[in-house]
Amino acid sequence: MMQQVANVEGMKVRRVIDHLQGEKNGPTVVFFGGIHGNEPAGVLASEQVFEEIREKKIPIFGNIYALSGNLGALEHKMRFQQEDFNRIWFPDRIQKILKEDVLEHPEEQELKGLFQMISEILEKGTPPFYFLDLHTTSSDTTPFMVLNDSLLNRKYASNYPLPIILGIEEYLHGALLSYINELGYVSLGFESGQHEDAKAVETCIDFIWYSLMITASIPVDEKAKKLHYEAIFRASSTSHRFYEIYHQHLIAPGYCFEMKPGFVNFQIVPKGTELALENKTILKTKHQRQIFMPLYQKQGNEGFYFVRPVPRFLLWLSKQLRQFKVDYLLAILPGIKWDSKAKDTLVVDLRIARFFAKKLFHLLGYRARQSDKTHLRIKSRERASKSKDYMGASWF
């Protein structure tokens with residue numbers, strides 16, 4: 001069957017794709033498209049949905065925005081111009097960028113523009129806030145969602161009939177959604193399909209409509225809501241459950257990397273399978289693996305990932321442990337101490353507390369970063385969550 005190609009002709013490249021303001025109180029929902037310039041599906045889908053809302057004069061509750069990310073990369077139809085736009089959202093770097101009057105680095109200039117828009121939305125908008133980042137992948141894929149593993153994100157994402165990937169923030173440093181999530185808001189990424197596939201745009205349109213109904217940004221027509229739900233469900237060939245990333249293959253600077261053809265997301269790969277050629281070395285699986293995000297584009301330094309399903313019991317257990325704030329007991333153990341008075345980050349001395357595994361920290365709602373060979377810094381995913389803002393939502 002021939003794959004239909006998304007039509008990008010006539011797509012307008014602008015920071016604010018559209019903004020619709022309602023007459024009544026409601027949430028603030030922000031869709032991002034084109035954070036990577038070779039992923040136009042989110043921009044195209046947003047244009048179509050917002051245009052239809054205007055034409056049909058559908059009532060709006062609160063505010064809904066559609067924003068473009070990397071304008072220069074979108075114009076040139078490339079992933080990024082100089083540096084991956086979705087890897088530079090570090091608080092320290094953001095503050096440094098904001099202080100500079102002239103920026104020669106194109107992605108830093110893009111960050112400054114988008115950051116100012118986000119800040120304005122947070123200042124003028126009304127809670128609850130939702131930030132939904134629309135992406136596509138270089139390989140053929142079933143649609144899926146990625147999110148930082150907070151209970152708030154989990155609860156919201158569970159409304160979608162899609163596979164949900166947890167823990168990506170331990171591997172993708174400086175992502176836009178990680179930055180927003182640490183501000184306490186619902187934020188997640190939706191991958192609708194392969195970059196050039198017209199079906200990715202269609203699935204993204206269903207996702208936007210369904211999201212607007214879940215967040216009560218538009219009147220909820222239960223029949224229409226069901227149709228969008230079923231369309232998203234049919235587009236996905238992988239079951240609705242939670243997965244975790246446990247391995248990332250990073251491509252070293254200057255290395256030549258070529259993924260072997262034919263791999264797709266969530267594919268079970270037998271032991272001994274040739275995955276890629278890297279600097280004349282063939283990379284093979286040492287055990288049976290489930291592959292995720294194989295790289296089939298020239299730009300990017302993440303070759304592939306391995307994922308595995310998260311047992312439902314562990315999801316339940318982690319929820320109980322986090323709700324009862326069991327993690328506060330960790331600081332009384334030898335080799336573990338709070339990093340600051342905010343009590344949102346712990347420092348683990350692996351020479352003393354070597355019996356602690358990352359899995360335990362994940363259960364308690366922490367993500368781990370290696371500070372040096374002997375220390376881990378683990379940051380709470382739960383402390384910042386503004387859960388109270390969402391309590392009145394029908395999905396909460």
Identify the heavy atoms of Leu314 and Leu363 that sit nearest to each other, and give their distance. O-CD2, 3.6 Å
State plainly whether the residues Lys124 and Glu120 are in salt-bridge range, i.e. N to O under 4.0 Å. yes
Step by step, would you call Glu108 with Lys96 a salt bridge (Lys or Arg N to Asp or Glu O under 4.0 Å)? CA-CA 10 Å; Glu108 289 187 342; Lys96 182 180 178 182; over 6 Å; no
Hey, what's the ring geometry for His228 with Trp209, parallel, tilted or perpendicular (30° and 60° as the breaks)? parallel
Aromatic Phe115 / basic Arg15 pairing, under 6.0 angstrom, 45° off normal: no
Testing Thr137, Val307, Ile164 for side chain to side chain contact (heavy atoms under 4.5 Å, CB included) with Phe144, which one passes? Thr137
Over all heavy atoms of both residues, which pair between Leu212 and Ile53 is shortest? Give the atoms and the distance, please. CD1-CD1, 3.9 Å
Ignoring hydrogens and angles, state whether a donor on the side chain of Ser318 or Arg154 is under 3.5 Å from an acceptor on the partner side chain. yes
Report the C-alpha distance between Arg54 and Asp18 in whole Å, list the side-chain angles of each, state the deciding distance to 0.1 Å, and finish with yes or no for salt bridge (Lys or Arg N to Asp or Glu O under 4.0 Å). CA-CA 11 Å; Arg54 288 181 184 279; Asp18 211 336; 2.5 Å; yes
Sidechain-backbone polar pair: Asn148 side chain, Ser150 backbone, donor-acceptor under 3.5 Å: no
Quick check, are the ring centers of Tyr328 and Trp338 under 6.0 angstrom apart? yes
Do Glu382 and Lys325 meet the salt-bridge criterion of a basic N to acidic O distance under 4.0 Å? no
Would you say Arg14 and Ile17 make side-chain contact, with heavy atoms under 4.5 Å? yes
Apply the test side chain to side chain contact (heavy atoms under 4.5 Å, CB included) to residues Lys284 and Lys271: give CA-CA distance (whole Å), side-chain angles for both, the deciding distance (0.1 Å), then the verdict. CA-CA 8 Å; Lys284 296 182 180 181; Lys271 176 183 177 181; over 6 Å; no
More than 12 non-hydrogen atoms from neighbouring residues, nucleotides or ligands closer than 6.0 Å to CD on Glu258, yes or no? no
For a quick test of reading the model, state the closest non-hydrogen atom pair linking Val29 to Ser217 and the distance between them. CG2-OG, 3.2 Å
Should we count NE2 of His105 as having more than 12 external heavy atoms under 6.0 Å? yes
Which class fits the ring pair Phe131 and Phe32: parallel under 30°, tilted 30 to 60°, perpendicular over 60°? parallel
For Asn279, look at atom CG and say whether over 12 heavy atoms of other residues, nucleotides or ligands are found less than 6.0 Å away. yes
Got Leu295 and Gln297 here, is their nearest side-chain heavy-atom distance under 4.5 Å? yes
Derivation of the ring pair (Phe, Tyr, Trp, His ring centres under 6.0 Å) call for Phe306 and Phe292: CA-CA 6 Å; Phe306 293 144; Phe292 180 64; over 10 Å; no
Return the CG to CG distance between Asn86 and Leu177, rounded to the nearest 0.5 Å. 7.0 Å
Can you check side chain to side chain contact (heavy atoms under 4.5 Å, CB included) on Glu302 and Ile251, steps first, answer last? CA-CA 6 Å; Glu302 297 99 20; Ile251 304 166; over 6 Å; no
Taking NZ in Lys379 as the centre, count heavy atoms belonging to other residues, nucleotides or ligands within less than 6.0 Å. Is the count above 12? yes
Check ring-ring contact (aromatic ring centres under 6.0 Å, His included) between Phe85 and all other residues, then give those that pass, not counting sequence neighbours. Trp89
Using side chain to side chain contact (heavy atoms under 4.5 Å, CB included), reason through Leu275 and Val269 one step at a time and then give a plain yes or no. CA-CA 9 Å; Leu275 296 178; Val269 181; 4.0 Å; yes
Ile60 with Val49, same ILVMFWY side-chain cluster at under 4.5 Å: yes
Test Asp140 against Lys199 for salt bridge (Lys or Arg N to Asp or Glu O under 4.0 Å), laying out the working first. CA-CA 11 Å; Asp140 189 20; Lys199 190 177 177 182; over 6 Å; no
Partners passing ring-ring contact (aromatic ring centres under 6.0 Å, His included) against Tyr366 (at least two apart in sequence or in another chain): none
Regarding Thr141 and Asn265, is there a side-chain donor-to-acceptor distance under 3.5 Å anywhere? yes
Smallest heavy-atom separation, Pro219 atom then Phe61 atom, equals N-CE1, 3.5 Å
Closest non-hydrogen atoms of Lys373 and Leu350, given as atom of the first, atom of the second and distance, are O-CD1, 4.2 Å
Would you say that Arg79 contacts Asp84 through its side chain, given a criterion of any heavy-atom pair below 4.5 Å between the two side chains? yes
Begin with the C-alpha distance, continue with both residues' side-chain angles, and end with the deciding distance and a verdict on side chain to side chain contact (heavy atoms under 4.5 Å, CB included) for Val43 and Glu47. CA-CA 6 Å; Val43 178; Glu47 287 177 341; 4.1 Å; yes
Approximate separation, where rounding is to 0.5 Å, of Ser158 OG and Arg241 CZ: 13.0 Å
In this structure, CG of Asp327 is separated from NZ of Lys343 (nearest 0.5 Å) by 10.5 Å
Taking the six-membered ring of Tyr185 as reference, does the NZ or CZ atom of Lys386 fall below 6.0 Å from its centre and within a 45° cone about the axis? yes
Can Lys57 and Glu52 be counted as an ion pair, charged N to O under 4.0 angstrom? no
Charged N to carboxylate O below 4.0 Å: is that the case for Arg308 and Glu244? yes
Side-chain heavy-atom pair Pro143, Phe190 within 4.5 angstrom cut-off: yes
Side-chain H-bond candidate by donor/acceptor type, Thr238 with Ser236, under 3.5 Å: no
Answer yes if the side chains of Glu107 and Gln109 hold a donor-acceptor pair under 3.5 Å, and no otherwise. no
Do Leu98 and Gln95 touch side chain to side chain, with heavy atoms closer than 4.5 Å? yes
Cut-off 3.5 Å, side chains only: do Glu278 and Tyr255 have a donor facing an acceptor? no
Side chains of His36 and Asn70: donor-acceptor distance under 3.5 Å anywhere? no
For Phe233, I'd like to know if atom CZ has over 12 heavy atoms of other residues, nucleotides or ligands within 6.0 Å. no
Only counting residues at least two apart or in another chain, list the ones meeting ring-ring contact (aromatic ring centres under 6.0 Å, His included) with His240. none
Is there a donor in the side chain of His362 and an acceptor in the side chain of Arg367, or the other way round, less than 3.5 Å apart? no
In terms of relative ring orientation, are Tyr390 and Tyr130 parallel, tilted or perpendicular, with 30° and 60° separating the classes? perpendicular
Would you say Leu277 and Leu250 are hydrophobically clustered, going by side-chain heavy atoms of ILVMFWY under 4.5 Å? no
Just say parallel, tilted or perpendicular for the rings of Phe31 and Phe50, cut-offs at 30° and 60°. perpendicular
Classify the ring geometry of Phe304 against His249: parallel below 30°, tilted from 30° to 60°, perpendicular beyond 60°. parallel
Does the side chain of Asp133 pick up a donor-acceptor pair with the side chain of His135 at under 3.5 Å? yes
Reported CD1-to-CG distance for the pair Ile208 and Leu134, which is rounded to 0.5 angstrom: 5.0 Å
